[in-house]
Each structure stands twice: as structure tokens, then as C-alpha cells.
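Before anything else, here's the structure in question.
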Protein chains: 2
Amino acid sequence: MTSPSPAAGAPPATSPPAAGQPAADRPAGERPAAERPLRRDAERNRQRILTVARELFAERGLEVTLDDIADHADLGVGTVYRRFANREQLVGALFEERIDQIVTYAEQAARQADPWLGLVGFLTVTSEAFAGDRGLHEIMVGSNYGRDRAAQARERIGPLVVDLLARARATGQLRADVEPNDIAMIQVMIGAVVEYSQGIRPDLWRRYITVILDGLRAFRDDATPLPEPALDESGIDEAMRRWRTPTAGRAR
Amino acid sequence: MTSPSPAAGAPPATSPPAAGQPAADRPAGERPAAERPLRRDAERNRQRILTVARELFAERGLEVTLDDIADHADLGVGTVYRRFANREQLVGALFEERIDQIVTYAEQAARQADPWLGLVGFLTVTSEAFAGDRGLHEIMVGSNYGRDRAAQARERIGPLVVDLLARARATGQLRADVEPNDIAMIQVMIGAVVEYSQGIRPDLWRRYITVILDGLRAFRDDATPLPEPALDESGIDEAMRRWRTPTAGRAR
DNA sequence: TGACAAGCGGAGGTTCATCCTCCGCCTGGT
DNA sequence: ACCAGGCGGAGGATGAACCTCCGCTTGTCA
């Protein structure tokens, strides 16, 4: 860090929205090709790292070590660190797209004519995504990595869910006392099922989301009134902030 | 370790704990008073340790270190280790009773005339216990500590739950496709809510258990059939075995 | 009251996981 | 055929948790 070499490959990770940087909205995994491209073998290795990292993050969560990734990619640790100074960068490179994907799901759900189906679809599709990618779930639920990105996404999703719930309530399909942040908590619960049954019954969560959805439906007129309000925005922010990724180390 | 000094302190025959230990089924927290009782101050300290440990386990889970406990009790680490050689012993001393308490809840629930109320009561009461004691929840859900004890408890609870569900199904209060192990998974989900909202809204879980219970009720005739069977015994055993207490260290 | 077994404290050795650097050797590309 | 760019991976740095050890203190009992 003593050598100021401004030419060095990796752009400053700190503020992505940097001013003059041509780096902006290029699909994840690509490089600022404007600068000198990597040597062929190096680029190959870089892809190898990304692939392996994607797999490991998906399977074990964001806490896998870069050393671990290097091993699985049959590369030296040095090679990994040369390309990605830390886990944050790797996470950034890999998850932008996936996070946006979640937003897209919300948009699609909001477009559904039948709001109940939209809601069911949204929960199902996101749960599928989370079940298949533990790292993604960790990010969306409050990991230290990718916090900003996740927050942005939540901000875009929020209004869509609000609208969806309002419409579903209006059509009489959804019980009246459901609040937007309930959706987030449901995802937390489903995440717990996924984690608990990981490697045993990857689809078990479908059973419980069905129960929960039936619990959310308006039926008879004797639905038990919900005690306790849902978390409000500040509550959920706080919870996300405190959340510690399972078995992960300190925040660093 | 290099100096062999056989003369030092310990006489050759370190009388082993002998065969007929009278230690057996005395209430947790008491000592084998048959042996020489502890000196007054020592016993006081011992209680101090137990009290502090109970609090810390409840609040932070079983992974707190003995050093941590010593600090909170204003005692030296040595004192703690002199009394409890490891966390397992401390956990044993503290949780036997509480685990049995859970069994008692199941028994009470099974005695309820109205099986649905019994079920609701059981889930509520156990969730209360878990919400108030993270360590207890960890044990019941699969921590490395107290595994045997928890397994015994589950064995006693199992049949009671089976009966309860059968009866509730018979009275038409419970949807037909609920299985005993669903109850365990519900506790896992509730545990996730508790943990997520810990220190923010200690009772938030009540909201979601209400949703889930409404989802379990027999209603109309259009309950969504549950996809996926529940975990079977071996599945749940496996899941419990794999479960890693959050942020905890290796199993040792 | 004095002697001493029992108890205490907590510094610090040990182990372990993770992070990340550094430098001698290798190789793709011109 | 040259060499900038790339590579490997041993190993130093850090920090958490564990647990021991021994000189000092204190309850207890005669």
C-alpha cells in the first residue's frame, strides 16, 4: 500500500459511483476493459475464481475464505488476492446482477393482474433464489457484505410490495392485517428452513411457505387477529444491521 | 513439561474417582454433598458462576466462553475452570431442568381436553421459553451441547405430539396433512424470528406464530395441499446433527 | 489464635483459523 | 528471445479461545 502506483489494476473499491470512472453498469464479471486487458491466462484464472466463488458462496454462504476459494480453483492464494483485494470486492462482482434480479421479481409480481398470485409468485420465486444461493440470502437479509446494494434493492422493492398487498387486500384475498415488512420476516423464516434442511431436503421450504400463505389468506371471518405489529422501517433496519451471518467471523 | 519432578505435589497413586460414585439424579445446581462440601466462599462463587452462566447462555446462546462468564462474575478464569472443566459440564448443570420443563409442557398440552388449544398452547409456551432462553433453543434444535439430553426429551415429546395432532385432526380443527415433525420445523422458524428481532421486539414472534397457526387450521375446503412431505425421523436427526450454533466455534 | 488445606486470580503459554504479503520462478505476447 | 506480467504458496501477523500454573489469600477447625 506504500507504492502509489495509480496504474495498478484494481480500481479503488471504496466508492463505486466514482466520478470519472468509466466503470458503471457493465454486466457483473466483466472488467474495465478500457485499461490494458489481462493476459490471456490471467483472465482465464480470473474467471475460474469467479466461478468457484459463485459456487462456494451459493453453497456455504459469504463467509468462505479467499484461501478456500483459491484451493477449490486450484490456484495460489496470491493469485486470488491479486485480483480481488478482499471478499467485499468478490461479492460485489458476483451479486450485483443477482440482487437486481430480485428487484425484477418484485416488478413482475406487481404487474400480475391477480395480486394474490403476484404475492405467491414473488415469495416463491425469491425463496427459490435464496434456497439455491445462500450467499444471496445472506446479503438480502443483512450480511455485512453488499449492504448498500441490498439496501438500494429493498428501497426499490418496498413500494412494489406495498402496492401488491394493498391490491390483494382490496380483492379480499389477503387478510387485512398483513403489513409489508411481514414479507421480509417470512423470508427470514423460510431462510431458516432452508438452512436447517440444507443438503437433506432442498425443497422442504415449499411445505412451510404453503402453510404460511394459507395463514395469510383471508378466510372465514375468524382469522386470529395478529398480536404485535410488524417491525417498522427502523426496526427492520436495526435487525438487518445486527444480523450476523451464521458461523461467520467478526465483521472486520 | 520437561521437568519430570516426581516428588512434586502429586503422590503416585492419584486415587481415581473410584467406582461407586453416588452422583446420580440430584436436582441441577446441587452438588454431591456426600463428598466434603465446598468451603463457604467457594460455594458462593460456584453459585455466582451458575447464575451468570444462566444469564449469558440465555441472552447470547451457548457459545459464550468460560472466560466471558468469569469476567461477568468478577471471578478469575481459574476459578471457573476449577469448578467446571468445560462448557459441556456447565450446560449440563444448568439445562437438565429446563429441558424437562419442555417435556412437561408437552404433557400438559396432551392433557388438554381441546386438542387444538393444546397445540396452540404447546407452541406458545415453548416459543416463550425459547424466546427467553436462546441457549435452551439451541439445545433443543441441535446444539452440540446437551445433545443426548435433548434427544431423550424429543423421544418423550414425540408420542405426545403425535397424539395431539391426531386428536386435533379428528375434531376437524387441524388440517389433515400436518405431520408431527412440522411442529419441530415451526419451532425452527419461530427461532429465526426471535433471533432476528432479538433486542428489538422480543415478542414479534407472536405475530408469526399466529399466521402459522391460522395456516394450520382446517378451513374452507380450499387449503392449499402441502407440497413436500415433512422431514421423517432420520431427516430431522440428520438436520439436528448438522446444525451449527450461530457464530459458535468448532465443536471441540 | 495460628496453621494449613482449600481456594483464588489472571498472566501467559498453546493452539488454531484466517488474513494477506512477499519474492523467486514461470510464461504469454510481442 | 526478452521481460512485464503473472504465479504459487510458505509463512509472518493477528486475534480468539482454551486452559494451566503457581504465588498469594482466606475459611475452618482445633
Side-chain angles (χ1 to χ4, degrees), chain A residues 1-3 5 7-10 13 31 35-49 52-53 56 60-91 144-145 244-245 247-252, chain B residues 1-3 5 7-11 31 35-49 52-53 56 60-91 144-145 244-245 247-252:
Chain A
M1 283 305 153
T2 35
S3 58
S5 67
R31 303 219 59 230
E35 309 170 4
R36 173 188 298 109
L38 287 179
R39 227 166 65 178
R40 187 109 49 84
D41 54 341
E43 178 58 30
R44 200 165 46 232
N45 286 338
R46 186 168 174 282
Q47 291 304 333
R48 189 113 125 256
I49 293 167
V52 168
L56 288 184
R60 304 195 207 158
L62 302 177
E63 85 284 5
V64 291
T65 71
L66 294 210
D67 289 54
D68 225 349
I69 292 171
D71 281 354
H72 280 251
D74 283 311
L75 293 171
V77 240
T79 304
V80 173
Y81 279 95
R82 194 171 310 110
R83 238 28 98 197
F84 304 92
N86 50 52
R87 213 179 1 242
E88 182 74 52
Q89 279 189 28
L90 205 37
V91 170
N144 276 327
Y145 301 100
R244 283 289 86 112
T245 130
T247 73
R250 56 246 153 267
R252 221 168 241 291
Chain B
M1 284 305 161
T2 36
S3 60
S5 69
R31 302 218 61 231
E35 311 171 0
R36 172 188 299 107
L38 287 179
R39 227 166 64 176
R40 188 109 50 83
D41 55 340
E43 179 58 31
R44 201 166 45 233
N45 286 338
R46 187 166 174 282
Q47 291 305 332
R48 188 112 126 256
I49 293 167
V52 167
L56 289 184
R60 305 193 206 158
L62 301 178
E63 85 282 6
V64 291
T65 70
L66 294 210
D67 290 54
D68 225 349
I69 292 172
D71 281 354
H72 280 252
D74 283 312
L75 293 171
V77 239
T79 303
V80 173
Y81 279 96
R82 195 170 310 109
R83 238 27 100 197
F84 304 92
N86 52 52
R87 222 190 341 256
E88 183 74 52
Q89 278 189 28
L90 207 35
V91 169
N144 275 326
Y145 301 101
R244 282 287 87 112
T245 130
T247 74
R250 56 236 154 275
R252 218 168 243 292

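Throughout, a chain's letter reflects where its sequence line sits, starting with A, and its residues are numbered from 1.
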Judged by nearest nucleotide, the residue sitting upstream toward the 5' end of DNA chain C, A:Val64 or A:Gly78, is A:Val64
Please examine the side chains of A:Leu90 and A:Arg83, heavy atoms only from C-beta on, and report whether any two atoms are closer than 4.5 Å. no
Using a 4.0 Å heavy-atom cut-off across all strands, classify B:Asp68 as base, sugar-phosphate, or nothing. nothing
A:Asp41 side-chain proximity, nearest of D:dG6, C:dG7, C:dC19: D:dG6
Hey, are the side chains of A:Leu38 and A:Asn45 touching, using non-hydrogen atoms and a 4.5 Å cut-off? no
B:Thr79 vs C:dG9: side-chain N/O to OP1/OP2 distance below 4.0 Å: yes
Test your reading of the model: is there a side-chain donor-acceptor pair from A:Arg87 to the backbone of A:Leu62, 3.5 Å cut-off? yes
Heavy atoms only, 4.0 Å cut-off, all strands: where does A:Arg40 land among base, sugar-phosphate and nothing? sugar-phosphate
Option passing side chain to side chain contact (heavy atoms under 4.5 Å, CB included) with B:His72 (candidates B:Ile49, B:Asp67, B:Val64, B:Leu56): B:Leu56
Considering every strand and a 4.0 Å limit on heavy-atom distances, what is the contact class for A:Arg87: base, sugar-phosphate, or nothing? sugar-phosphate
Between P of C:dG12 and OH of B:Tyr81, the distance in whole Å: 18 Å
Testing D:dC18, C:dG10, D:dA4 for proximity to the side chain of A:Arg39, the answer is D:dA4
Which whole-number value in Å describes the distance from A:Arg48 CZ to D:dG8 P? 8 Å
Between C:dG7 (C1') and B:Arg83 (CZ): distance, integer Å: 7 Å
Rounded to whole Å, CD1 of B:Ile69 lies from P of D:dA17 at a distance of 12 Å
Rounded interatomic separation in angstrom, taking CG from B:Asp71 and P from D:dC18: 12 Å
Return the value, rounded to whole Å, for the distance between atom CG of B:Leu38 and atom C1' of D:dT26. 15 Å
Provide, to the nearest angstrom, the distance between the CZ atom belonging to A:Phe84 and the P atom belonging to D:dG6. 13 Å
Does B:Arg48 form a salt bridge (charged side-chain N to carboxylate O under 4.0 Å, His left out) with B:Asp74? I'd like the steps, not just the answer. CA-CA 9 Å; B:Arg48 188 112 126 256; B:Asp74 283 312; 5.2 Å; no
Where each residue is assigned the nucleotide of DNA chain D containing its nearest heavy atom, which of B:Arg82 and A:Asp74 is assigned the position nearer the 5′ end? A:Asp74
NA contact type, A:Asp67, heavy-atom cut-off 4.0 Å: base, sugar-phosphate, or nothing? base
Using a heavy-atom cut-off of under 4.0 Å over every strand shown, decide if B:Asn86 touches base, sugar-phosphate, or nothing. nothing
Below 4.0 Å: OP1/OP2 of D:dG6 and any side-chain N or O of A:Asn45: no
Tell me: CD of A:Gln89 to C1' of C:dC20, nearest whole Å? 14 Å
